[in-house]
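Data block below; observations after.
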Amino acid sequence: MDFNHIAKKWQSQWESKKIFEVKEDSKKKKSYVLQMFPYPSGTSLHMGHAKNYVIGDIVARHKRMLGFNVLQPMGYDAFGLPAENAAIKSKSHPKVFTDIAIKGYIQQSKALGLSYDWSRVLATCYPDYYKWNQWFFLKFYERGLAYKKKAPVNWCNSCQTVLANEQVEQGKCWRCHNEVSIKQLEQWFFKITDYAERLLQDLSLLAGWPERIRTMQSHWIGKSEGATIFFPVKDSKEKIEVFTTRPDTIYGVNCIIFAPEHPQVLELVKGTSYQAQVHEFINKVVIKERFKRGDEDQEKEGLFIGKYTVNPLTKEELPIYIANFILLDYGTGAIMSVPAHDERDFAFAKKYNLPIKTVIQKEGLNCVLVHGSPEKDQSKEPSDIPQNQKPWYVWTKKKLEECGYKVTLPLMPKSWLPDYADWKREFEKTEVNEKSVLIGHSAGTAFLVRWLGETKRKIKKLILVAPGKISSHDRVKALYDFKINKEIKKLVDEIIIFISNDAQHHIDSAKLYEKELDGQLIEIENKGHFRTSNMGMGEFPELLEKILDRSTAYTDNGILINSGSFNGLSTQKAKSAVIKELQAKKIGAAKQHYKLRDWLVSRQRYWGTPIPMVYCTKCGIVPVPEEELPIKLPEKVEFTGEGNPLAKTKDFVNVNCPKCKSPAKRETDTMDTFVDSSWYFLRFCDPHNNNAPFDKDKVKYWMPVNQYTGGTEHAIGHLLYSRFFTKVLHDMNMLDIEEPFVNLFNQGMLHKDGVVMSKSKGNIITQDEISQKYGIDTGRWYLMSVASPDKDIEWDDKGVEGSFRALNKIVALIENAKYTAKEERIEAKMHKTIKEVSETIESMTYNMGLIKLMEFVAYLQKQPAITKESVEVLIKLISPFVPHLAEELWEMTKHKGFVCQEDWPKYNEKKINPKIDAAEELVENTTSDIQAVLNLVKIKPKEITLFVAEKWKYPLFKKLHQEENRDFSVLMKKFADKEHGQDVGKIVQQFMKGALKTDIFLSPEEELDALQESKSVWEKQFGAKFHLVHADSAKEPKAKQAIPGKVAILIK
RNA sequence: GCAGGGAUGCCGGAGCGGUCAAACGGGAUAGCCUCAAGAGCUAUUGGCUCAGUGCCUUCGAAGGUUCAAAUCCUUCUCCCUGCACCA
């Protein structure tokens, strides 16, 4: 069969009969299937493009056969830079390039066999389309959603235009990958930020979108909840407004930091001695290091500006800084620095030696300190303090409690004669958990190490001060005589050992612990054995430092400490409590902040929609009246490559003011092409409307898009803008819906030689190549068969040939078919296939669908004769995938009309008979078992006898299947019978190992029948005579090996 | 760093608690067909075993849950994708 020929044949028939053209039909359920429309570049479509469209086309064709009224249109995103750049290069006009490209694209889309309604084709570069861009612009302007402002914008020097934030990728232009710079320009913006909250909230409605895309959008919108707080400047009426997400940490503020370019900075520094330095710093960061500023590991740098502010709650005086890591356009451009609980502030404070105050503590932290053993009983001595009340213990306890710790200092019984069991009893009165810090001093260390090794408890930290272990004293033997359990290492996050100029056996003990437990050994000078006499005032800051661990900022939630009346509150509660207090004092308020910026839509290029605005010296900015639309792009324009050609086209620029009629100038900026693509799916519903962008009722019928297919690269740009437009139009009462795309599918890329297939990589396979060699159906089949459509796939010429073979197999099957009347087994298989293929189409796992189809083909091939119905069903099932072949086969099998207009086959669950499956499986297993045995014995078989298992085994199997118990002896008691005692034992054993199939569908007779049917096939295949026997009536011992679902095999 | 997705036999790629030594395709090997090549068909393609349809070891690594783990949980390693000094 000439696949290429039939493709053309059916394409022209579909076209002439207009069978994919649709109208609204209130009686029919609609389905709108759409693929992201392409930018028509000069080069031809390749198989990578094809993949996207075919995925959607399969959905459309399937839905159509299911009886839906299917709208599947195609259009061209025709404005844009490449055409203009090409025009500059060849001194031509972008329209010329674009028209040619569109023509080529249409012709190639048709050649792919895509079932588009071509009567609706559109291209955004024609005035009947872009007129409505302008119309929307005016409407947005009326609603305050389009506005002009001077702003620092992203400027791409090679594209000679500004870019939206969404078009800047890692500081580079999305199109040409040149470094983007910042320019101050007057530009038009769409106020997408007004919709930030709705765009975020409604993501939850998009259950049919990939999780990934929703997360990306939500990150892009970047909502953070927090507060703005006013910090008064000392000796001034000025205030500094900061934004923070952690108002709960306000007691921990150590300074206020501005973005260097913040306008307030210059005012504040005025008149101080820091003025010159500050200017220099700003210049350095903002101008010289402009591009470095966003770099990953940019060193944090800052400068004090000579002024102070006051913490409005604590009244503490705080210095004011500027620093390079503070961004002007996020929040208020100024922050309150809380080094203890923010990593950046922490790094900054460390670098400039600023105070760090902890105000949040992890919940449930606790500490137990175990004292040592004195040489004699001192408790009777009136001058002595109790063992657990030594000054540095008490000091540490107090300090830790200030930080929210619960501290216990147990008093060990008879400490001068320590006994492990006694100590343990006392020690365990205190709760120890994973957040515990255990500190031992001297003999206390031995106790803790022994206790941990014995109980294997998980704790946070173990700190050993002047440890004891090695000792010649008999007095401490009852405590010291144990083996160090190295497992402790795994149970404790951190082990620290303090040692000083102590007695040798303590130093040796310290070394021992260091070695055995991988402890961190810290030597401190002149503290001896850390006795009261060695410790002076009894302060032990080194220890405190290690317990508190201030080497990093603690950024998690916790409990407030050092925060006045807020102490003890959780982070969550404290946030609202602090905000409440700020509000009451009118020095702050709750505030949500979004990362999303307004959408910059101005472009300084020719090949786009002119922005319908006029500048009048008297009236200012004047919108062009609706009746004057479209403002057409002037055709006679010179493309020099320098600046915006529109600005130099006098006929275009010079107009009269619509209001006062005096001479005025036209806006020469054009719109971002993403404006075009933000509503094209609406225009498809009513593409030829001259009075409005679309008719409300038509859109109401078709929208929303049921299945949208496209690449991930549009995850935030196009998909976010389209959602924004839809919401605005909803608010303008033009749409009922709030979300344009119900289901979104991201197809995987097509790779070749390990990289994405693209013209610029020079690794494209064109669809023409494939069409000519194999026909486009082979290409469609191949693209869908390699992997599930969402996966990236690698092009493989050998794989294409495999697909070609598959199609030929289908053709051969139908060409050589011998027909028979109804056949139950074929019917069962058929219904099963219908079910499976339908399911794979619904779930868009087409690769599995094709496998199921080929299994069905292989099955039919094996049959001596097949049914007409099964062939009909097969043709219908393949038709979404290989539509041309399906039509051809449909015609070949003497059917009228188009198979693509037939009803999708329905399956009948009742006809899917598990017995037939089981019988088939039995035959397949038996075949491979015979084969396996033959391979083993390597003899030429003359006779092969198959034994079906003895009758009594069947009910036993059923019972075993229902049995939950897995205890051998119990099962045996239950199932053993006198006659088959040993055999039951074997079977039960096998069953418990899970070696037996559990579902038994066939009786011995049915098994025999199934085998009987394959007998002739086997005899031919193996060249031996086959005997089929009931094991019950067999004498051969072999027969006993048969079990239900598995025959015994005897070969002679 | 954060978020999302991965890691499966020679390769691509299914599977996502028992029916799994793991679909399907490609490649490789052997056989059939043929004058021959190609196409087509059949078998094999982790190891062991070779009167038997079994046993052993495998699904990134290590632990765990379970009668049962490629599949569930925990930790780790590596890869991809996106975001990234966002207060």
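Here is how names work: the chains are called A, B, and so on, in the same order as the sequence lines, proteins then strands, and each is numbered from 1.
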key: By side chain to side chain donor-acceptor pair (under 3.5 Å) - contacts of A:Arg597 (at least two apart)   = none
remark   = To the nearest 0.5 Å, atom CD of A:Glu943 lies from atom NE2 of A:His1027 at 3.5 Å
request  = Give a yes or no on whether the backbone of A:Ala812 and the side-chain of A:Asn816 come within a donor-acceptor separation of less than 3.5 Å.
outcome  = yes
key: Distance between C1' atoms of B:A14 and B:G63 (Å, rounded)   = 28 Å
message = Checking A:Tyr594 now: which residues fulfil side chain to side chain donor-acceptor pair (under 3.5 Å) with it, not counting sequence neighbours?
response = A:Glu197
ask   = Which nucleotide in the set B:A87, B:A43, B:A3 lies at the smallest distance from any side-chain heavy atom of A:Gln931?
value = B:A43
ask   = What is the nucleic acid contact for A:Ser785, judged by heavy atoms within less than 4.0 Å: base, sugar-phosphate only, or nothing?
value = nothing
query = Heavy atoms under 4.0 Å, any strand shown: does A:Glu343 hit a base, just sugar-phosphate, or nothing?
reply = nothing
key: Straight-line distance of A:Leu922 CG to A:Thr927 OG1, nearest 0.5 Å   = 9.0 Å
Pick out the pairs of N or O atoms, protein on one side and nucleotides 4-11 of chain B on the other, that lie under 3.5 Å.
none

ask   = Can you tell me how far C1' in B:C72 sits from the matching atom in B:G17, rounded to whole Å?
value = 7 Å
query = What is the ring orientation for A:Tyr352 with A:Phe348, classed by angle as parallel under 30°, tilted 30 to 60°, or perpendicular over 60°?
reply = tilted
task = Round to a whole Å and report the spacing from CG of A:Leu1050 to P of B:G52.
result = 12 Å
remark   = Encoded 5' to 3' (Watson-Crick or G-U under 3.5 Å; [ ] crossing; | other strand), RNA chain B becomes ((((((((.[[[..)..(.....]]]((((((.......))))))(((.....)))...[[[[[..)....]]]]])))))))....
message = So, OP1 or OP2 of B:A14: does either fall under 4.0 Å of a side-chain N or O from A:Ser788?
response = yes
note = Taken to the nearest whole Å, CG/A:Asp556 to P/B:C2 is 11 Å
Pairwise P distance for B:C56 and B:A21, with rounding to whole Å = 11 Å
message = Test: salt bridge (Lys or Arg N to Asp or Glu O under 4.0 Å). Region: residues 789-811 of chain A. Which pairs qualify, not counting sequence neighbours?
response = none
remark   = Among B:A87, B:G12, B:C86, the one nearest any side-chain atom of A:Ile326 is B:A87
message = One pair to check against side-chain contact (heavy atoms from CB on, under 4.5 Å): A:Val338 and A:Thr244. What are the steps and the verdict?
response = CA-CA 10 Å; A:Val338 186; A:Thr244 179; over 6 Å; no
query = Among B:A87, B:G12, B:A51, which is the nearest nucleotide to the side chain of A:Thr245?
reply = B:A87
Between OG1 on residue A:Thr845 and CD on residue A:Glu836, distance to nearest 0.5 Å = 11.0 Å
key: Rounded P spacing from B:G1 to B:A62 in Å   = 24 Å
A:Phe881 and A:Leu853: CA distance, side-chain angles, deciding distance, side-chain contact (heavy atoms from CB on, under 4.5 Å) verdict = CA-CA 11 Å; A:Phe881 303 99; A:Leu853 278 170; 4.1 Å; yes
query = Given the P atoms of B:G60 and B:C67, what is the spacing between them in whole Å?
reply = 25 Å
ask   = Taking for each residue the nucleotide of RNA chain B with the nearest heavy atom, is it A:Met216 or A:His219 whose nucleotide lies nearer the 5' end?
value = A:His219
task = Give one of base, sugar-phosphate or nothing for A:Ala347, where a contact means two heavy atoms less than 4.0 Å apart.
result = nothing
inquiry  = If we ignore hydrogens and angles and just use 3.5 Å, is the side chain of A:Lys829 paired with the main-chain N or O of A:Tyr859 as donor and acceptor?
reply    = no
note = Regarding the side chain of A:Lys300, the nearest nucleotide among B:G12, B:C85, B:G52 is B:C85
task = Provide, to the nearest angstrom, the distance between the NZ atom belonging to A:Lys223 and the C1' atom belonging to B:A3.
result = 19 Å
key: Side chain of A:Lys791 - closest among B:A51, B:A87, B:A14   = B:A14
message = Do the side chains of A:Lys852 and A:Glu839 get close enough for a salt bridge, i.e. N-O under 4.0 angstrom?
response = no
task = May I ask you to evaluate whether A:Arg344 reaches the phosphate of B:C86, defined as a side-chain N or O under 4.0 Å from OP1 or OP2?
result = yes
remark   = In short, A:Lys575 meets A:Arg246 closest at the heavy-atom pair CE-CD, 3.9 Å
query = Expressed in whole Å, how much space separates the C1' atoms belonging to B:C20 and B:G26?
reply = 22 Å
remark   = Whole-Å distance, A:Asn746 CG to B:G82 P, equals 13 Å
task = Please determine if A:Glu301 and A:Lys284 form a salt bridge, counting it only when a charged side-chain N lies under 4.0 Å from a carboxylate O.
result = yes
ask   = To the nearest Å, how far apart are A:Glu794 CD and B:G13 P?
value = 9 Å
query = How far does the C1' atom of B:C59 sit from the matching atom of B:A70, given to the nearest Å?
reply = 4 Å
inquiry  = Whole angstroms only, please: what is the CH2-P distance between A:Trp220 and B:C83?
reply    = 7 Å
Where do N or O atoms of nucleotides 21-31 of chain B meet protein N or O atoms at under 3.5 Å, pair by pair?
unit_1	atom_1	unit_2	atom_2	d
B:G26	OP1	A:Arg805	NE	3.4
B:G26	OP1	A:Arg805	NH2	2.5

query = What integer number of Å spans the C1' atoms of B:C16 and B:U34?
reply = 47 Å
ask   = If only side-chain N and O atoms of A:Lys1046 are considered, is one of them under 4.0 Å from the OP1 or OP2 phosphate oxygen of B:G54?
value = yes
remark   = The residue, A:Thr332 or A:Ala1042, whose nearest nucleotide of RNA chain B is more 5′ is A:Ala1042
message = What is the distance, to the nearest angstrom, from the CG atom on A:Leu853 to the P atom on B:A14?
response = 18 Å
note = A:Trp1018 atom CH2 is separated from B:U42 atom P, nearest whole Å, by 17 Å
Touch class at under 4.0 angstrom, heavy-atom based, for A:Val1047 against every strand present = base
